Enquirer: 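A single structure is presented below for examination.
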Amino acid sequence: MKKVLSVLSVATLSLSLVLAGCGSKPEAQPQGQTGSNGGAPAAKAIKVGMVTDVGGVNDNSFNQSAWEGLQKLQTDLNLPKENVNYLQSKSDADYVPNLTQFVKDGWDLTWGIGFLMGDHLKKVADENKNAKLAIIDAEVDAPNVASVLFKEHEGSFLAGVVAAKMTKSKKVGFVGGVDIPVIKRFDLGFEAGVKAVDPSIQVIKVYTGAFDKPDMGKSTASSMYGQGVDIIFHASGGTGDGVFNEAKDRKAKGENVWVIGVDKDQSLTFGDEITLTSMVKRVDEAVIRVAKDLSEGKFKGGVQWLGLAENGVGLADTSTKNVPEDVLKLVEEYKQKIVKGEITVPDK
C-alpha cells in the first residue's frame, strides 16, 4: 500500500493536556472526562487507546470524532480518566511505534484511525496475537482486529441530492484529499446523487493529494468558485478547512457560495452562514460500540459495514437551518429507496 500522509481534523475539544509528540507514555498523558457525572459501571474497567493519523486529534474530522467517542465511552462506563488516551502521529513512520506502545503497555483495546494505517496495524496485530485492536476505514484480515468501514457513498448520495436542488449555477464541486478507496466512495456517491436529480448539472472534481494542506484547499476552492461552482462538497480532512476559509471570504463579499462538510457536523465549527449541510460519519458511535462489546466480553474480529440502514452515515441534524423542507423530504425519499435496495449507489 502506498504510504501517504493522511489527516482528518477535530475542533471544539477542551483538552487538559496536549501530547508533546509520539512515543510518550500513554499513562503519563491522561486525557478525557473524569466520569464523575456517573454512568453505568463497566463489566470490566477496560483501558482503550487510540492512535491518530498525522492529522491529529483536532482535525475537525474523524480523528476528533473517534476521540470524542472515547471520551463519551469513559463517561458511559464510569472509567477512570486515565483509562482512555491517544497518541498522536507526526508521520506514517510513527504508526507502528505508537500502536505497539499501547499493546506492550497492556491496554485492552488499541484503535488505529484511518485507511492509511491498515498495513501498519496488520503488522502489529500479527506480532501480538493476544492483543485486541480495531481500525476505522480499513479492512485488516486478522482474527484479533475489528475493522469498521462506512458506506460513505450512501451518505454522499444524499449530499449530492441537496447540492443538485440548491445550486443556482448548475455547477457543483468535489474536493478530495488523497485518491484512495474511502475518498472515492465520497466522490462517486456525491456525483450519483447530483445526477439522479439533474443529469445536466456539471460536477467538477479535484483531488489535492493531501489531507493536511488548508492552503491547497483554499486555492482549489478559489479556482472552483471562479469557474462558477456555487457549492463544494469536500472529503479532504484538514485540507477542507481551506475550502471553508475561501467560502467565508467570498460570502463576506456578497457571493452566494456554500460548502458541504464531511465526517462531523462542520457547521458547528465553521458556521451556518457557509455550511449548507454536512455528510456525517458516526465514527464516535462505532468506537463506542466496539469498546463496549469488549467490556462485556463480546469482542470479535472481522469486518462490519455501517451505512444508511445502520445509521452509520447521513446528513447532519442542523441541515434544517439552510436546506428547505421540500428538499429534505426528497432526501428522505431517496434515503428510503437506498435502504430498501431500490437504488444501488456506486462505490468504485
Side-chain angles (χ1 to χ4, degrees), residues 7-12 55 58-62 64-65 152 155-156 158-177 183 186-187 189-191 193-194 197 201-281 315-324 327-328 331:
V7 171
L8 301 158
S9 298
V10 181
T12 71
N58 293 313
D59 66 350
N60 293 320
S61 192
F62 70 61
Q64 179 178 339
S65 183
E152 293 90 356
S156 298
L158 304 185
V161 170
V162 171
K165 294 298 291 185
M166 300 294 288
T167 180
K168 305 299 183 186
S169 64
K170 300 194 74 170
K171 287 184 180 181
V172 300
F174 174 80
V175 174
I183 303 303
F186 283 105
D187 171 356
F190 179 67
E191 182 175 26
V194 171
V197 173
I201 294 175
Q202 183 179 0
V203 181
I204 298 174
K205 306 178 184 182
V206 175
Y207 281 79
T208 63
F211 291 116
D212 58 349
K213 304 294 183 188
D215 290 347
M216 189 178 293
K218 193 173 193 307
S219 62
T220 300
S222 177
S223 175
M224 282 188 175
Y225 289 136
Q227 295 175 63
V229 167
D230 57 357
I231 299 171
I232 295 175
F233 175 41
H234 92 91
S236 58
T239 299
D241 290 4
V243 176
F244 279 99
N245 292 338
E246 179 64 20
K248 186 174 182 179
D249 289 347
R250 288 177 177 259
K251 206 84 165 185
K253 298 174 184 176
E255 295 185 36
N256 189 26
V257 297
W258 294 98
V259 182
I260 296 177
V262 74
D263 293 334
K264 292 171 58 65
D265 182 353
Q266 294 197 299
S267 71
L268 303 178
T269 302
F270 298 102
D272 297 319
E273 69 276 6
I274 54 173
T275 311
L276 181 59
T277 183
S278 294
M279 204 298 280
V280 177
K281 281 172 60 172
L315 298 186
D317 293 339
T318 54
S319 300
T320 53
K321 294 181 179 179
N322 289 319
V323 182
V327 175
L328 292 177
V331 165

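Worth knowing before you read on, the calculation uses all heavy atoms, side chains too, and leaves out hydrogens, waters and symmetry mates. Computed from a predicted structure; not experimentally measured.
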Enquirer: From E246 CD over to D215 CG, what is the distance, rounded to the nearest 0.5 angstrom?
Expert: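 The CD atom of E246 sits 11.5 Å away from the CG atom of D215.
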Enquirer: With distance as the sole test, does D230 use its side chain to make a donor-acceptor pair with the main-chain N or O of K168 at under 3.5 Å?
Expert: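 Present.
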Enquirer: Can you find a pair of side-chain heavy atoms, one from F186 and one from D263, that are under 4.5 Å apart?
Expert: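 Yes, their side chains come closer than 4.5 Å.
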Enquirer: Closest heavy-atom contact between A164 and V197?
Expert: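 For A164 and V197, the tightest heavy-atom pair comes out as CB-CB, 3.6 Å.
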Enquirer: Starting from the C-alpha separation in whole Å, work towards a yes-or-no answer on side chain to side chain contact (heavy atoms under 4.5 Å, CB included) for V172 and I201.
Expert: CA-CA 7 Å; V172 300; I201 294 175; 4.2 Å; yes
Enquirer: Does a side-chain heavy-atom distance below 4.5 Å link S169 with Q202?
Expert: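 No, too far: nothing below the 4.5 Å cut-off.
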Enquirer: Minimum heavy-atom separation for K281 to S65, with atom names?
Expert: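 That closest heavy-atom pairing would be O-OG, 4.3 Å.
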Enquirer: For G177, does its backbone N or O pair with a side-chain atom of T239 as donor and acceptor, under 3.5 Å?
Expert: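 Not a single qualifying donor-acceptor pair exists.
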Enquirer: Taking CG in D272 as the centre, count heavy atoms belonging to other residues, nucleotides or ligands within less than 6.0 Å. Is the count above 12?
Expert: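 Yes, CG of D272 has more than 12 neighbouring heavy atoms, counting only those of other groups under 6.0 Å.
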Enquirer: For F190 and G173, work out which heavy atoms get closest and say how close.
Expert: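 Minimum heavy-atom contact is CE2-O, 3.7 Å.
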Enquirer: What's the separation between atom CG in D241 and atom NZ in K218, rounded to the nearest 0.5 Å?
Expert: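 Answer for the CG-NZ pair, D241 versus K218, is 12.5 Å.
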Enquirer: Output every pair passing ring pair (Phe, Tyr, Trp, His ring centres under 6.0 Å) with a member in residues 253-272, not counting sequence neighbours, ordered by first then second residue.
Expert: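 Passing the test, one end in residues 253-272: F244-F270.
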Enquirer: Closer than 3.5 angstrom, by distance alone: can the side chain of T220 be matched with the main-chain N or O of M216 as a donor-acceptor pair?
Expert: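 Checked: pair present.
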Enquirer: Please check if atom NZ in K248 has more than 12 non-hydrogen atoms from other residues, nucleotides or ligands closer than 6.0 Å.
Expert: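 Open.
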Enquirer: Can you find a pair of side-chain heavy atoms, one from V331 and one from V162, that are under 4.5 Å apart?
Expert: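 Of all side-chain heavy-atom pairs linking V162 with V331, at least one is under 4.5 Å.
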Enquirer: Verify whether one side chain among T277 and S319 offers a donor that lies under 3.5 Å from an acceptor in the other.
Expert: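 S319 and T277 do have a side-chain donor-acceptor pair below 3.5 Å.
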Enquirer: Output all residues satisfying salt bridge (Lys or Arg N to Asp or Glu O under 4.0 Å) with K213, sequence neighbours left out; order by chain, then residue number.
Expert: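 Once residues adjacent in sequence are excluded, K213 has no partner under the salt bridge (Lys or Arg N to Asp or Glu O under 4.0 Å) criterion.
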Enquirer: For Y225 and D249, what are the C-alpha separation, side-chain angles and deciding distance, and is it a side chain to side chain contact (heavy atoms under 4.5 Å, CB included)?
Expert: CA-CA 11 Å; Y225 289 136; D249 289 347; over 6 Å; no
Enquirer: Under 3.5 Å, is there a donor-acceptor pair between the side chain of S278 and the main chain of V280?
Expert: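 Side chain of S278 to backbone of V280, a donor-acceptor pair under 3.5 Å: no, none is there.
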Enquirer: Closest approach of G155 and L315, non-hydrogen atoms and distance?
Expert: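 Looking at all heavy atoms of both residues, the closest pair is O-CD2, 4.3 Å.
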Enquirer: Identify the heavy atoms of A210 and T208 that sit nearest to each other, and give their distance.
Expert: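 In this case the closest contact between A210 and T208 is O-OG1, 3.0 Å.
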Enquirer: What distance separates L328 CG from L158 CG, expressed to the nearest 0.5 Å?
Expert: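 It comes to 10.5 Å.
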Enquirer: Can you find a heavy atom in the side chain of K205 that is under 4.5 Å from one in the side chain of E191?
Expert: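 Side chain of K205 against side chain of E191, heavy atoms only: contact under 4.5 Å found.
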Enquirer: Where the side chain of T275 meets the backbone of G271, is there a donor-acceptor pair that is under 3.5 Å apart?
Expert: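 Side chain of T275 to backbone of G271: a pair is present.
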Enquirer: Kindly say whether V257 contributes a backbone atom to a donor-acceptor pair with the side chain of K251 at under 3.5 angstrom?
Expert: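 A pair under 3.5 Å: yes.
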Enquirer: Which heavy-atom pair separates D265 from A316 by the least distance, and what is that distance?
Expert: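 Minimum heavy-atom contact is CG-CB, 3.7 Å.
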